[in-house]
Every structure is written in C-alpha cells, then in structure tokens.
Colleague: 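Pasting in a structure now, in structure tokens, and then I'll have a few things to ask.
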Amino acid sequence: QVQLVESGGGLVQAGGSLRLSCAASGRTFSSYAMGWFRQAPGKEREFVASISRSGGIRYYADSVKGRFTISRDNARNTVFLQMNSLKPGDTAVYYCASALLVFTTARGVESWGQGTQVTVSS
C-alpha cells in the first residue's frame with residue numbers, strides 16, 4: 001500500500017479554480033491507479049476522477065466533466081486535480097485514493113488520504 005497526503009484545498013469563490021495535490025509514499029507509485037473522491041456534509045462519499053497507472057486512461061464523474069482535470073507525475077509520486085469553474089455544489093472534503101486498477105467506485109480502493117476541505121462560496 002501507499003501512504004497518501006492531500007494538499008491544496010481552501011476557500012474560493014464560485015467560478016474560481018483550485019489545484020489539489022496528493023503526494024504518495026511507500027511502495028512504487030507508478031504501480032497504482034490514482035483518483036479522487038469527495039464527501040459533502042450529510043452525503044455519501046462520491047467518485048470524482050481517476051487515472052490509470054500510466055496516465056493513459058482517465059475517468060470523470062458527470063458532474064465534473066469538462067471542469068476538472070486529473071493528472072499524475074510518476075517521477076514526483078504525485079497526482080493532481082485541477083478544478084476550474086467551481087460551483088458551491090463542489091464544496092466537500094476531497095480524498096485521494098489508490099488502487100491496483102483504474103476505478104469509478106470505492107470498490108478496490110486500497111489506500112485513502114486524510115482529506116482536504118474545499119469550500120466554494122456563492
């Protein structure tokens with residue numbers, strides 16, 4: 001397993017942008033598909049985006065498609081989530097996740113980060 005630490009969350013106005021980072025340590029980063037989930041207050045954790053080990057396959061939730069971009073830098077053991085055109089509905093704690101195969105659900109996720117808060121004001 002890998003250990004995951006997120007950063008980059010914060011408060012932003014609607015229409016603004018944020019870039020989340022997730023630094024991984026432990027076993028070989030490039031052996032894992034990576035992704036992001038989010039959980040808003042009173043709601044279940046939901047899938048946001050994922051990227052395959054090489055970066056060649058990316059999946060997005062319909063709610064973020066066209067606004068968010070996931071990428072990874074295997075040399076730096078880091079995965080990113082660029083979030084543009086943010087909406088108040090994007091407000092949530094964002095969690096980094098790793099799995100052996102690229103994913104669109106939490107099934108198969110082996111490691112989670114501690115989460116980073118993103119708040120979008122109207």
Side-chain angles (χ1 to χ4, degrees):
Q1 294 185 349
V2 293
Q3 289 74 50
L4 307 173
V5 178
E6 303 97 334
S7 61
L11 173 64
V12 64
Q13 288 188 333
S17 298
L18 281 175
R19 188 193 197 203
L20 304 184
S21 299
C22 173
S25 61
R27 296 184 65 183
T28 306
F29 177 74
S30 60
S31 298
Y32 290 88
M34 301 297 298
W36 295 88
F37 290 78
R38 67 186 183 186
Q39 187 167 20
K43 295 187 177 181
E44 294 187 353
R45 191 173 297 189
E46 65 174 1
F47 169 77
V48 175
S50 64
I51 187 168
S52 62
R53 287 173 286 185
S54 67
I57 300 172
R58 306 179 191 196
Y59 294 123
Y60 296 94
D62 287 343
S63 59
V64 307
K65 206 170 291 183
R67 300 188 297 122
F68 291 10
T69 302
I70 189 170
S71 61
R72 66 188 295 161
D73 185 338
N74 285 346
R76 294 169 57 191
N77 287 6
T78 304
V79 62
F80 305 97
L81 185 68
Q82 178 66 44
M83 305 185 295
N84 297 330
S85 301
L86 283 162
K87 306 174 182 179
D90 295 317
T91 295
V93 177
Y94 284 70
Y95 296 92
C96 181
S98 67
L100 292 180
L101 298 175
V102 68
F103 50 87
T104 58
T105 71
R107 186 174 182 179
V109 169
E110 295 189 353
S111 296
W112 295 93
Q114 83 288 352
T116 186
Q117 177 70 46
V118 172
T119 303
V120 184
S121 63
S122 57

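Quick note: residue numbers are just sequence positions, from 1. FYI, side chains are in, hydrogens and waters are out, and symmetry mates aren't considered; it's all heavy atoms of this structure.
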Colleague: Group every Ile, Leu, Val, Met, Phe, Trp and Tyr by side-chain heavy-atom contacts under 4.5 Å, then state whether Phe103 and Ile57 land in the same group.
Modeller: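 Same hydrophobic cluster.
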Colleague: Output the distance between atom CD (Gln39) and atom CD (Glu46), rounded to the nearest 0.5 Å.
Modeller: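 The CD atom of Gln39 sits 9.5 Å away from the CD atom of Glu46.
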Colleague: What's the verdict on side-chain contact (heavy atoms from CB on, under 4.5 Å) for Leu4 and Met34, showing C-alpha distance, side-chain angles and the deciding distance?
Modeller: CA-CA 10 Å; Leu4 307 173; Met34 301 297 298; 3.7 Å; yes
Colleague: Mind running side-chain contact (heavy atoms from CB on, under 4.5 Å) on Arg53 and Ser30 for me, showing each step along the way?
Modeller: CA-CA 5 Å; Arg53 287 173 286 185; Ser30 60; 5.8 Å; no
Colleague: Hydrophobic cluster membership, with links at side-chain heavy-atom distances under 4.5 Å among I/L/V/M/F/W/Y: are Met83 and Phe37 in one?
Modeller: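 The answer is no; the residues belong to distinct hydrophobic clusters.
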Colleague: What's the verdict on side-chain contact (heavy atoms from CB on, under 4.5 Å) for Val2 and Asn77, showing C-alpha distance, side-chain angles and the deciding distance?
Modeller: CA-CA 10 Å; Val2 293; Asn77 287 6; over 6 Å; no
Colleague: To the closest 0.5 Å, what do you measure between CZ (Phe80) and CH2 (Trp36)?
Modeller: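 Interatomic distance, Phe80 CZ to Trp36 CH2, rounded to 0.5 Å: 9.5 Å.
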Colleague: Do Leu100 and Val79 share a hydrophobic cluster, counting only Ile, Leu, Val, Met, Phe, Trp and Tyr and linking them when any side-chain heavy atoms are less than 4.5 Å apart?
Modeller: yes
Colleague: Under a 4.0 Å threshold between the charged nitrogen and the carboxylate oxygen, would Asp62 count as salt-bridged to Lys65?
Modeller: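 Looking at Lys65 and Asp62, the cut-off is met.
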Colleague: Treat each ILVMFWY residue as a node, draw an edge where side-chain heavy atoms are under 4.5 Å apart, and state whether Val64 and Phe47 are in one component.
Modeller: no
Colleague: Parallel, tilted or perpendicular for Tyr95 and Trp112, by the 30°/60° rule?
Modeller: perpendicular
Colleague: Once rounded to the nearest 0.5 Å, what's the spacing between atom CD of Glu110 and atom OH of Tyr32?
Modeller: 5.0 Å
Colleague: How long is the gap from CD1 on Ile70 to OH on Tyr59, to the nearest 0.5 Å?
Modeller: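 Between Ile70 CD1 and Tyr59 OH, I get 12.5 Å after rounding to 0.5 Å.
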Colleague: From the options Thr91, Asp90, Thr116, select the one residue that forms a side-chain hydrogen bond (donor to acceptor under 3.5 Å, both in side chains) with Arg38.
Modeller: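 One option only clears the test, and that one is Asp90.
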Colleague: To the nearest 0.5 Å, what is the distance between OG on Ser50 and CG on Leu81?
Modeller: 11.0 Å
